[in-house]
Amino acid sequence: MRKCRLKACRAELPPAKASTAVEKAGFCGYDCMAKHGLEKAREQVAKETRRWVRSEKARLKTKGDWTKEAQAEFNKYVRARDCHQPCISCGRYPSDADLLTGSRMDAGHYRSVGSCPELRFEELNCHAQCVKCNQHLSGNTVEYRIRLVQRLGAETVAWLEGPHAAKHYTIDDLKAIKAKYRAMTKELQKQREAA
């Protein structure tokens, strides 16, 4: 049984062949057809308004806003990459019992972003670290370094500790970094779901 296309109406249409243009269009009357047209027009206006608001918000973002968003995507990737690894500093797997903050694991930088901003988005400089070590023990860097040498080797750690050229990211660079790590995180999640 055919029903009227207007979601609010859904009246049954006669089973005989549609005789009028309204019935051919799938409506029970001109009122329903007009209401359906208004609904579609409102949906289109709402869609265009949301698109405009999104573009205006993006236009008003500062470089700091883009940096925070890129850092959030980078950190999400690091946590996804290291999700089955223990904390780089203490070697423990966090449990729900000591869950005080919103996450059990942070993306902890070996060389902090404040002391070495050029390594902010360096994957070798950032590993999964429990909240206790990262936030409450200020990174627990002595233990971090010991396990980092075991995981990456002494040469890589020496490179991380050495001097690095300053990096000046533009807004376009930050947008690209954000998109790159978002895609990498999705790819990791897909691979884990497939396995």
Side-chain angles (χ1 to χ4, degrees), residues 54-55 57-96 98-195:
R54 199 176 312 121
S55 69
K57 281 184 178 180
R59 189 177 65 81
L60 294 173
K61 284 183 189 175
T62 63
K63 185 176 176 184
D65 294 334
W66 285 109
T67 303
K68 285 178 190 173
E69 289 182 14
Q71 187 69 59
E73 289 298 329
F74 175 77
N75 292 350
K76 191 185 296 183
Y77 166 73
V78 169
R79 284 193 302 271
R81 179 193 69 190
D82 296 348
C83 71
H84 297 298
Q85 302 236 358
C87 171
I88 188 78
S89 294
C90 65
R92 291 182 306 161
Y93 289 95
S95 67
D96 288 335
D98 56 1
L99 184 62
L100 298 174
T101 61
S103 172
R104 285 180 253 154
M105 292 295 253
D106 286 342
H109 287 76
Y110 173 61
R111 301 233 10 228
S112 70
V113 174
S115 68
C116 192
E118 50 273 11
L119 295 179
R120 173 189 288 267
F121 300 115
E122 175 57 54
E123 293 175 29
L124 295 173
N125 187 46
C126 194
H127 300 276
Q129 192 175 35
C130 70
V131 172
K132 180 182 176 188
C133 289
N134 190 38
Q135 294 178 23
H136 305 293
L137 298 177
S138 301
N140 200 359
T141 53
V142 173
E143 295 296 324
Y144 196 140
R145 187 180 193 287
I146 291 169
R147 286 182 177 79
L148 197 62
V149 168
Q150 291 171 354
R151 192 178 288 185
L152 301 178
E155 288 180 17
T156 306
V157 174
W159 174 80
L160 285 172
E161 292 171 340
H164 300 278
K167 292 187 179 178
H168 303 284
Y169 297 106
T170 64
I171 289 176
D172 290 334
D173 294 337
L174 295 168
K175 286 179 183 178
I177 290 169
K178 178 183 173 183
K180 171 188 169 186
Y181 284 107
R182 178 176 282 171
M184 289 171 69
T185 304
K186 284 182 182 177
E187 185 62 33
L188 269 175
Q189 290 169 345
K190 269 188 202 174
Q191 288 173 359
R192 291 213 172 99
E193 288 172 3

*Asks:* D173 vs K167, test: side-chain contact (heavy atoms from CB on, under 4.5 Å). Steps then yes/no.
*Replies:* CA-CA 11 Å; D173 294 337; K167 292 187 179 178; over 6 Å; no
*Asks:* Hey, does Y93 have a side-chain heavy atom less than 4.5 Å from the side chain of R104?
*Replies:*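 Heavy-atom side-chain distance check fails, nothing below 4.5 Å.
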*Asks:* Let me see the working for T62 and D65 under side-chain contact (heavy atoms from CB on, under 4.5 Å), right down to the final yes or no.
*Replies:* CA-CA 5 Å; T62 63; D65 294 334; 3.3 Å; yes
*Asks:* Under 6.0 Å from the CD atom of E155, do we count more than 12 heavy atoms belonging to anything else shown?
*Replies:*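 No - once you tally the heavy atoms of other residues, nucleotides and ligands closer than 6.0 Å, there are 12 at most.
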*Asks:* Hey, what do you get for OH (Y110) to OH (Y144), rounding to the nearest 0.5 Å?
*Replies:*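 Interatomic distance, Y110 OH to Y144 OH, rounded to 0.5 Å: 9.0 Å.
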*Asks:* Are R145 and V157 close enough that some pair of their side-chain heavy atoms sits under 4.5 Å apart?
*Replies:*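 Yes, at least one pair of side-chain atoms sits under 4.5 Å.
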*Asks:* Could you give me the CA-CA distance, side-chain angles and deciding distance for W159 and H164, then say whether side-chain contact (heavy atoms from CB on, under 4.5 Å) is met?
*Replies:* CA-CA 9 Å; W159 174 80; H164 300 278; 3.5 Å; yes
*Asks:* Could you tell me whether the side chain of E143 reaches within less than 4.5 Å of the side chain of L137, counting heavy atoms only?
*Replies:*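 Of all side-chain heavy-atom pairs linking E143 with L137, none is under 4.5 Å.
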*Asks:* Just by distance, no angles: are the side chains of Y181 and E123 close enough, under 3.5 Å, to form a donor-acceptor pair?
*Replies:*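 Yes - a donor-acceptor pair under 3.5 Å links their side chains.
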*Asks:* Determine the sole option in K76, H127, M184 for which the side chain to side chain contact (heavy atoms under 4.5 Å, CB included) test with R81 is passed.
*Replies:*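 When K76, H127, M184 are each tested with R81, the side chain to side chain contact (heavy atoms under 4.5 Å, CB included) holds only for H127.
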*Asks:* For S89 and Q129, work out which heavy atoms get closest and say how close.
*Replies:*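 Taking every non-hydrogen atom into account, OG-NE2, 2.6 Å.
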*Asks:* What closest approach, in Å, do Q135 and D106 show between heavy atoms, and which atom pair accounts for it?
*Replies:*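 Smallest interatomic distance, heavy atoms only, reads NE2-OD2, 2.8 Å.
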*Asks:* Give, for atom CD1 of I88 and atom CZ of R147, the distance between the pair rounded to the nearest 0.5 Å.
*Replies:*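 Output value for this atom pair is 8.0 Å.
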*Asks:* Nearest 0.5 Å please: distance from the CD1 atom of I177 over to the CD atom of Q71.
*Replies:*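 Those atoms lie 9.5 Å apart.
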*Asks:* Which heavy atom of M105 sits nearest to which heavy atom of Q85, and what is that distance?
*Replies:*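 Of all heavy-atom pairs spanning M105 and Q85, the closest is CE-O, 3.8 Å.
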*Asks:* Quick one: are F121 and Y169 in side-chain contact, heavy atoms under 4.5 Å?
*Replies:*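 Side-chain contact under 4.5 Å: yes.
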*Asks:* Using every non-hydrogen atom in the two residues, find where R151 and P86 come nearest and quote the distance to one decimal.
*Replies:*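 Looking at all heavy atoms of both residues, the closest pair is NH2-O, 4.0 Å.
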*Asks:* Of all the heavy-atom pairs spanning P117 and G114, show the shortest one and how long it is.
*Replies:*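 Closest pair (atom of P117, atom of G114, distance): CD-O, 4.1 Å.
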*Asks:* Working to the nearest 0.5 Å, report the span between CD of E122 and CG of L160.
*Replies:*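 Going from the CD atom of E122 to the CG atom of L160 covers 6.5 Å.
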*Asks:* Look only at the side chain of R120 and the backbone of H109, and say whether a donor-acceptor pair between them is shorter than 3.5 Å.
*Replies:*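 A pair under 3.5 Å: no.
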*Asks:* Please round to the nearest 0.5 Å and tell me the distance separating atom SG of C87 and atom CG of N140.
*Replies:*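 Result: 7.0 Å between the selected atoms.
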*Asks:* If you round to the nearest 0.5 Å, how far is OG1 of T156 from CG of L148?
*Replies:*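 Answer for the CG-OG1 pair, L148 versus T156, is 8.5 Å.
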*Asks:* With a 4.0 Å cut-off on N to O distance, would you call K178 and E73 a salt bridge?
*Replies:*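 Looking at E73 together with K178, the answer is no, because their closest N to O distance does not fall below 4.0 Å.
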*Asks:* Closest heavy-atom contact between W66 and K61?
*Replies:*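 Taking every non-hydrogen atom into account, NE1-CB, 3.4 Å.
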